[in-house]
Asker: 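One structure is given below, represented as structure tokens, and several questions about it will come after.
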Amino acid sequence: MASPRAGGPRERDRPWLMRTYAGHSTAEASNALYRSNLGKGQTGLSVAFDLPTQTGYDADHVLARGEVGRVGVPVAHLGDMRRLFQDIPLERMNTSMTINATAMWLLALYQVVAEEQGADIAALQGTTQNDIVKEYLSRGTHVFPPVPSLRLTTDMITYTVHHMPKWNPINICSYHLQEAGATPVQEIAYAMSTAVAVLDAVFASGQVPEERRGEVVGRISFFVNAGVRFVEEMCKMRAFGRIWDTVTRERYGVQDPRQRRFRYGVQVNSLGLTEAQPENNVQRIVLEMLAVTLSRDARARAVQLPAWNEALGLPRPWDQQWSLRIQQVLAHESDLLEYADIFEGSHVIEAKVAELVERATAEIAHIEQLGGAMAAVESGYLKSELVASHAARRARIESGEEQIVGVNIHESTEPSPLTADLDTAIMTVDPANEARVVAALHDWRRARAEPRAQAALGALRSAAAGGENLMAATLDCARAGVTTGEWSWALRDVFGEYRAPTGVGSAPVAVAARDGGPLADVRRKVADTANELGGGRLRLLVGKPGLDGHSNGAEQIAVRARDAGFEVVYQGIRLTPEQIVSAAVAEDVHCVGLSILSGSHAALVPDVLERLRRAGVEDVPVVVGGIIPAADALALRAAGVAAVFTPKDFGITGIIGRIVDEIRLANKLEV
């Protein structure tokens with residue numbers, strides 16, 4: 001019998017950290033879910049925070065309406081963090097917290113709870129995501145402008161190096177870049193350029209002596225994506241590691257190879273999950289996991305998998321368990337961990353890795369010429385490149401060049417027992433939960449020592465206006481009972497807020513309007529309708545109400561509508577219903593399109609409809625797109641929504657055609 005490695009048997013590798021991205025409703029409910037998942041064999045925690053927490057709002061802010069506890073757990077203050085980790089010993093836990101703009105605040109709350117448990121904070125292990133660049137480009141939970149955001153990141157990194165040496169203070173997050181359409185080359189290049197911007201800022205701050213630079217580099221981690229093209233994705237991981245080794249050695253002089261190691265966790269692709277035949281998502285998830293586990297020399301340190309039904313709504317605990325079991329079967333039943341790197345010496349793999357390294361290195365150099373990652377964000381270059389790349393991918397799917405089983409090929413299907421009852425195939429959040437969270441927030445504010453809280457906030461503002469590290473003042477705020485919104489508003493007072501470029505205006509045409517083609521037909525219909533109405537070009541407002549920052553769908557609708565001949569009004573993310581209606585009235589639009597992926601449609605869409613009626617423009621059709629369960633879609637139509645689009649409606653040109661039809665119906669024109 002052949003041994004796993006020539007020359008004798010080798011010790012079986014330890015499995016990667018197994019996590020499930022989870023959190024919902026309240027701190028108490030999420031705590032119960034975490035303890036249940038740990039009992040099922042999960043080896044680390046991955047905390048999902050709700051959108052108000054991520055974007056620095058308390059639950060009683062107008063923008064938080066409909067968003068509280070939807071896509072994660074609301075954490076407004078120290079009391080919430082205590083309840084979130086009750087009976088979970090943080091000194092023995094490895095916790096990942098997906099948090100960016102408010103990362104410093106959440107880490108401070110976590111540290112104080114650990115101290116209350118009696119933990120040595122120097123022993124704490126885990127990760128705060130804390131990559132603000134990808135928020136400007138894809139995820140949309142940024143708060144502050146780039147320069148002060150980079151300062152917050154720098155202060156956190158330097159603080160943890162000195163006080164929490166086992167903590168990963170940032171993971172450079174290319175995951176959402178792929179979700180926004182990034183190619184493997186773009187994902188590598190943009191992530192590496194972000195890492196360079198962060199490290200340059202840390203070392204320029206003077207807060208870390210030169211002899212400790214290797215410690216800083218050694219704590220930088222990455223959070224990446226893996227799509228279904230698993231050979232290419234695996235090569236991408238090897239290319240990532242090769243480039244990171246070069247950058248850290250040549251640019252920063254790090255000699256210890258252990259500190260130069262490319263350390264990454266992964267959440268596999270959610271962009272490719274389909275609403276049509278969702279059972280196919282299971283094999284997609286497995287293939288994507290193989291990309292980050294098969295290659296020993298480029299294996300992820302931590303893996304979390306989406307659930308098969310995430311294109312339908314919020315996964316249930318059972319769905320999350322299924323994803324965890326996928327990891328456990330591979331790690332414990334297969335022989336994967338018994339072998340050295342099975343791709344070593346492969347000419348095919350080496351050629352692909354070399355190609356990715358060459359192309360990504362060239363793009364990194366181009367970004368450097370533009371002034372680095374932060375300058376490329378502010379100029380809109382990175383965003384417009386992602387919008388264009390995503391538009392090209394959608395065009396390939398619509399043309400059939402890129403095939404997706406159940407979507408544009410092999411569409412016939414037997415009825416699925418998994419979705420026979422859609423109302424129970426996903427988890428729902430009790431609408432009354434938000435009121436309970438708001439009431440608890442008000443109780444917390446009334447019970448705290450108000451002078452101490454206000455003094456801590458005043459000290460935070462003073463520190464922000466000066467040049468000192470902000471972590472100490474943030475810890476004082478946490479201990480004084482300050483809330484998430486109050487911490488963020490204190491910094492907004494000093495730093496201001498930021499609206500990132502949308503990338504829509506500069507995105508090139510992705511689909512040519514060839515004679516006889518679908519887009520040409522829609523363009524003709526747009527022009528004819530505009531002529532019949534006699535008011536110039538048709539005008540479409542694309543709105544993102546609430547705090548959902550997933551703007552990819554809205555951007556693609558805006559770009560295709562523009563290419564179809566519409567005048568498009570798109571002001572970006574994070575708008576109130578009042579702002580959307582004001583824009584609709586001021587621009588005299590012919591249709592309002594709302595994009596919501598966070599589950600807040602039930603609260604926000606009726607609000608927009610009512611405000612339009614009060615403004616006297618009830619004849620303007622409203623269409624809605626997002627992850628919207630069938631029962632909710634029926635309710636929205638009953639409330640007056642003209643059309644509802646979900647992930648199964650992948651043909652964007654067809655959606656634009658439907659929008660023109662709704663405009664014609666609203667204006668009593670023949671369809």
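Start at 1 with the first residue, then count along the sequence. Note that the structure is predicted; figures quoted are calculated from it, not measured.
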Asker: Should we count CZ of R446 as having more than 12 external heavy atoms under 6.0 Å?
Answerer: yes

Asker: Do S488 and W105 have side-chain N/O donor and acceptor atoms under 3.5 Å apart?
Answerer: no

Asker: Quiz question: by atom type and distance under 3.5 Å, do the side chains of H77 and R445 form a donor-acceptor pair?
Answerer: no

Asker: Indicate whether the side chain of T483 and that of D58 have a donor and an acceptor atom separated by less than 3.5 Å.
Answerer: yes

Asker: Is a donor from one side chain sitting under 3.5 angstrom from an acceptor on the other, for T158 and N469?
Answerer: yes

Asker: State, yes or no, whether a side-chain contact exists between Q259 and E215 at a heavy-atom distance under 4.5 Å.
Answerer: yes

Asker: Distance check, rounded to the nearest 0.5 Å: D245 atom CG versus R261 atom CZ?
Answerer: 12.0 Å

Asker: Quick one: does T576's side chain get under 4.5 Å of L63's, heavy atoms only?
Answerer: yes

Asker: Could you tell me whether the side chain of K134 reaches within less than 4.5 Å of the side chain of Y175, counting heavy atoms only?
Answerer: no

Asker: R65 side chain to G546 main-chain N or O, any donor-acceptor pair under 3.5 Å?
Answerer: no

Asker: For residues 84-93, which side-chain N or O atoms pair as donor and acceptor with protein atoms under 3.5 Å away, sequence neighbours left out?
Answerer:
residue	atom	partner	partner atom	Å
E91	OE2	D120	N	2.6

Asker: Check the orientation of W489 and Y57. Use parallel for under 30°, tilted for 30 to 60°, and perpendicular for over 60°.
Answerer: perpendicular

Asker: Could you measure the distance from the CG atom of L314 to the OG1 atom of T428? Nearest 0.5 Å is fine.
Answerer: 8.5 Å

Asker: Which is it for I188 and K236 under the side chain to side chain contact (heavy atoms under 4.5 Å, CB included) test, yes or no, and what are the steps along the way?
Answerer: CA-CA 8 Å; I188 296 168; K236 180 185 75 180; 3.8 Å; yes

Asker: Rounded to the nearest 0.5 Å, what's the gap from CE on M164 to CG on L124? Could you check?
Answerer: 4.5 Å

Asker: Could you tell me which non-hydrogen atom of R461 sits nearest to which non-hydrogen atom of A490, and how far apart they are?
Answerer: CG-O, 3.7 Å

Asker: I'd like to know if the side chain of T20 reaches the main chain of A22, judged simply by a donor and an acceptor atom lying under 3.5 Å from each other, with no hydrogens or angles considered.
Answerer: no

Asker: Is there side-chain contact between E115 and R479, with heavy atoms separated by less than 4.5 Å?
Answerer: yes

Asker: So, do R83 and N31 sit near enough that their side-chain heavy atoms are less than 4.5 Å apart?
Answerer: no

Asker: Ignoring hydrogens, what is the shortest heavy-atom contact between Q454 and R448? Give both atom names and the distance.
Answerer: NE2-NH2, 4.1 Å

Asker: For the residue pair F222 and W244, does the interplanar ring angle fall in the parallel (under 30°), tilted (30 to 60°) or perpendicular (over 60°) class?
Answerer: perpendicular

Asker: Can you confirm whether the side chains of E67 and S598 place a donor and an acceptor under 3.5 Å from each other?
Answerer: yes

Asker: Can you name the nearest heavy-atom pair linking F144 to S149, along with the distance?
Answerer: O-OG, 3.1 Å

Asker: Assess the pair Y110 and W167: is the distance between their ring centroids shorter than 6.0 Å?
Answerer: yes

Asker: Count the heavy atoms belonging to other residues, nucleotides or ligands that lie under 6.0 Å from CD of E210, then report whether that count exceeds 12.
Answerer: no

Asker: What closest approach, in Å, do S600 and G66 show between heavy atoms, and which atom pair accounts for it?
Answerer: CB-O, 3.1 Å

Asker: Compare every heavy atom of V75 with every heavy atom of T484, then report the nearest pair and how far apart it is.
Answerer: OG1-O, 2.8 Å

Asker: Do T98 and F49 come within less than 4.5 Å of each other through their side chains, counting heavy atoms only?
Answerer: no

Asker: Quick check for you: to the nearest 0.5 Å, what is the distance between N130 atom CG and M156 atom CE?
Answerer: 4.5 Å

Asker: Can E179 and N225 be counted as having a side-chain donor-acceptor contact under 3.5 angstrom?
Answerer: yes

Asker: In terms of side-chain heavy atoms, does E555 have a donor or acceptor partner in S551 at a distance below 3.5 Å?
Answerer: yes

Asker: Would you mind reporting whether D430 and R436 have side-chain heavy atoms less than 4.5 Å apart?
Answerer: yes

Asker: Evaluate salt bridge (Lys or Arg N to Asp or Glu O under 4.0 Å) for R70 paired with D548, printing each intermediate quantity in order.
Answerer: CA-CA 10 Å; R70 284 277 174 190; D548 170 35; over 6 Å; no

Asker: When you compare the side chain of M192 with that of F240, does any pair of heavy atoms fall below 4.5 Å?
Answerer: yes

Asker: Between atom CD of Q129 and atom CD1 of I132, what is the distance when rounded to the nearest 0.5 Å?
Answerer: 10.0 Å

Asker: Which pair of heavy atoms, one from S221 and one from N168, lies closest together, and at what distance?
Answerer: OG-CB, 3.8 Å

Asker: I'd like to know whether CD of E497 has more than 12 heavy-atom contacts from other residues, nucleotides or ligands below 6.0 angstrom.
Answerer: yes

Asker: When you measure from the side chain of T102 to the backbone of T53, do you find a donor-acceptor pair of N or O atoms at a distance under 3.5 Å?
Answerer: yes

